[in-house]
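Quick notes on the structure that follows.
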Amino acid sequence: MDFVKMHGLGNDFIILYGEQELPQDAAEQAIRLCDRHFGIGADGLVYLLPSDKADARMRIINSDGSEPEQCGNAIRCAAKYLFDRGIVPRTSLTIETIGAGVQPVDIREVNGRAVAIRVDMGRPILQADQIPTTLEGESVIDQELTVNGETFRFTAVSMGNPHCVIFTEEAKHISLAEWGPALERHPLFPNKTNVEFVSVRSPEHLVMRVWERGAGPTLACGTGACATLVAAVLNGHSPRVATVSLAGGDLQIEWKEEDGHVYMTGPSIEVFQGQFTE
Ligand code: ZDP
């Protein structure tokens with residue numbers, strides 16, 4: 001089985017191209033291939049499939065076998081894969097995902113290689129029951145939740161997938177291993193949630209650490225960065241454009257007033273190709 005290994009800011013993926021549909025055993029494949037000791041190692045397994053609405057369709061399986069609706073870093077990797085290989089020889093292309101439908105992508109290229117990728121991540125979902133949370137109302141901004149005896153203030157945002165954004169003085173001092181799993185499975189979030197701890201360095205500069213649903217602590221999360229900027233705007237911390245610094249590097253995020261869409265710009269890197277032989 002041929003594969004390509006890519007990452008977006010250290011959030012790494014195995015890309016499989018050539019299948020017509022998601023195979024029946026995709027969840028087992030993801031668990032096996034994403035394993036860092038017994039497999040190739042990755043945060044997620046990405047299938048690039050044909051689409052009748054877009055240039056390609058992407059489905060991603062987390063390293064635990066669960067399937068998220070959406071994935072910001074992986075969509076930049078998918079775009080680079082399609083462009084660099086000449087499968088889609090255009091700097092403007094579209095990729096279909098479950099969570100956001102057909103997503104327009106713009107590529108900045110140098111010598112035929114995609115170096116920066118801007119993705120239209122669509123409109124954030126703010127309504128409490130659609131995120132989903134067990135709360136009611138038009139939005140979930142600066143609410144309280146308690147886990148293991150500790151109270152956090154959080155803002156919930158869906159970018160297709162659910163995010164629980166917690167603003168804190170020093171995100172880097174938070175123990176992700178201690179709080180991540182409990183927040184991911186908190187009963188307020190019926191589909192579980194991704195968890196972001198965010199420090200506001202300045203209105204245009206947010207520092208974020210993430211515990212990902214189904215994958216644990218990762219070096220970056222594109223949808224998480226988008227949810228973070230939206231939450232920062234909703235809480236009055238940021239204007240509609242900011243840099244979000246993640247452990248693996250920076251993303252530029254803009255929540256456009258005109259169309260209400262969130263735009264994410266960042267790199268993706270191809271590391272190696274190989275053949276899985278087991
Ligand atoms: O929602 C989830 O279950 C996430 N783990 C999906 C992966 C999100 C990703 N890290 C991103 O960049 O948006 C790929």
Side-chain angles (χ1 to χ4, degrees), residues 5-16 22 26-27 30-31 33-34 41-48 58-81 95 97-100 103 105 117-122 124-125 130-133 156-165 176 180-181 183-186 189-198 206 208-231 244-253 262-269:
K5 184 76 197 303
M6 301 182 82
H7 73 86
L9 303 179
N11 185 200
D12 60 343
F13 307 101
I14 301 159
I15 315 283
L16 299 181
L22 193 75
I31 294 167
L33 299 180
C34 291
D43 294 324
L45 177 62
V46 171
Y47 288 89
L48 268 178
M58 179 182 91
R59 291 189 63 179
I60 167 169
I61 315 293
N62 287 320
S63 53
D64 76 348
S66 61
E67 181 175 14
E69 306 82 350
Q70 172 62 299
C71 180
N73 286 326
I75 198 168
R76 294 200 316 282
C77 293
K80 181 175 172 63
Y81 186 105
I95 297 178
T97 60
I98 295 177
Q103 297 185 248
V105 179
I117 296 139
R118 178 178 185 261
V119 185
D120 180 345
M121 299 291 286
I125 298 163
Q130 282 172 28
I131 291 171
T133 73
V157 173
S158 166
M159 291 303 310
N161 56 350
H163 295 270
C164 169
V165 181
L176 288 176
L183 289 162
E184 178 187 1
R185 294 181 183 80
H186 194 283
F189 297 94
N191 291 352
K192 304 203 255 181
T193 188
N194 297 284
V195 184
E196 286 81 22
F197 289 98
V198 180
L206 307 169
M208 171 192 131
R209 288 176 70 216
V210 61
W211 175 274
E212 277 192 41
R213 178 181 68 168
T218 63
L219 294 181
C221 178
T223 51
C226 295
T228 289
L229 186 263
V230 170
V244 181
S245 293
L246 308 126
D250 293 352
L251 290 172
Q252 309 301 325
I253 312 290
V262 181
Y263 293 84
M264 170 194 66
T265 306
S268 63
I269 303 286

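Computed from heavy atoms alone, side chains included, the values below leave out hydrogens, waters and symmetry copies. Please read these numbers as outputs of a predicted model, since none were measured by experiment. Both counts, for ligands and for their atoms, begin at 1 and track the order of listing.
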Next item on the list: Measure the distance from atom 3 (O) of ligand 1 to every protein heavy atom, then report the residue, atom name and distance (to 0.1 Å) of the closest one.
Entry: Arg213 NE, 2.9 Å
Next item on the list: Scan side-chain atoms only and decide if Thr218 and Glu212 contain a donor-acceptor pair under the 3.5 Å cut-off.
Entry: yes
Notebook entry, point to check: So, the side chain of Lys5 versus the backbone of Gly41: is there a donor-acceptor pair under 3.5 Å, distance only?
Noted result: yes
Check: Does one side chain, of Asp250 or Ser245, offer a donor that lies under 3.5 Å from an acceptor on the other?
Finding: yes
Next item on the list: May I ask you to check whether His186 and Thr193 show a side-chain donor-acceptor distance below 3.5 Å?
Entry: no
Item checked: Counterpart residues, side chain to side chain donor-acceptor pair (under 3.5 Å), relative to Asn191 (two or more places apart) -> none
Check: Is Asn62 close to ligand 1, meaning an N/O of one under 3.5 Å from an N/O of the other?
Finding: yes
Next item on the list: Examine Gly72 against ligand 1 and note whether any of their N/O atoms are separated by less than 3.5 Å.
Entry: yes
Item checked: Pro68 neighbourhood, listing ligand 1 atoms whose heavy-atom distance to it stays under 4.0 Å -> 1 (O), 2 (C), 3 (O), 6 (C)
Notebook entry, point to check: When only distance counts, is Glu69 in polar contact with ligand 1, meaning an N/O pair under 3.5 Å?
Noted result: no
Notebook entry, point to check: Under 4.0 Å from any heavy atom of Phe13, which atoms of ligand 1 are there?
Noted result: 14 (C)
Next item on the list: Starting from atom 14 (C) of ligand 1, locate the nearest protein heavy atom and write down its residue, its atom name and how far away it is, to 0.1 Å.
Entry: Cys71 SG, 2.1 Å
Check: Hey, is Asn73 touching ligand 1 through its side chain, its backbone, both or neither, going by heavy atoms under 4.0 Å?
Finding: both
Next item on the list: Of all the heavy-atom pairs spanning Pro162 and Glu69, show the shortest one and how long it is.
Entry: CD-OE1, 4.2 Å
Checklist line | Within reach of ligand 1, part of Thr223 (heavy-atom separation under 4.0 Å) | finding: both
Item checked: Residue, atom name and distance, where the atom is the protein heavy atom closest to atom 7 (C) of ligand 1 -> Glu212 OE1, 3.2 Å
Check: In the protein, what heavy atom is nearest to atom 12 (O) of ligand 1, and what distance, to one decimal place, separates them?
Finding: Gly222 N, 2.6 Å
Notebook entry, point to check: Sub-3.5 Å donor-acceptor pair from the side chain of Glu184 to the main-chain atoms of Gly214, do we have one?
Noted result: yes
Next item on the list: Working to the nearest 0.5 Å, report the span between CG of Asn194 and CG of Asn161.
Entry: 5.0 Å
Next item on the list: Among all protein heavy atoms, pick out the one at the shortest distance from atom 4 (C) of ligand 1; state its residue, atom name and that distance to 0.1 Å.
Entry: Asn194 OD1, 3.3 Å
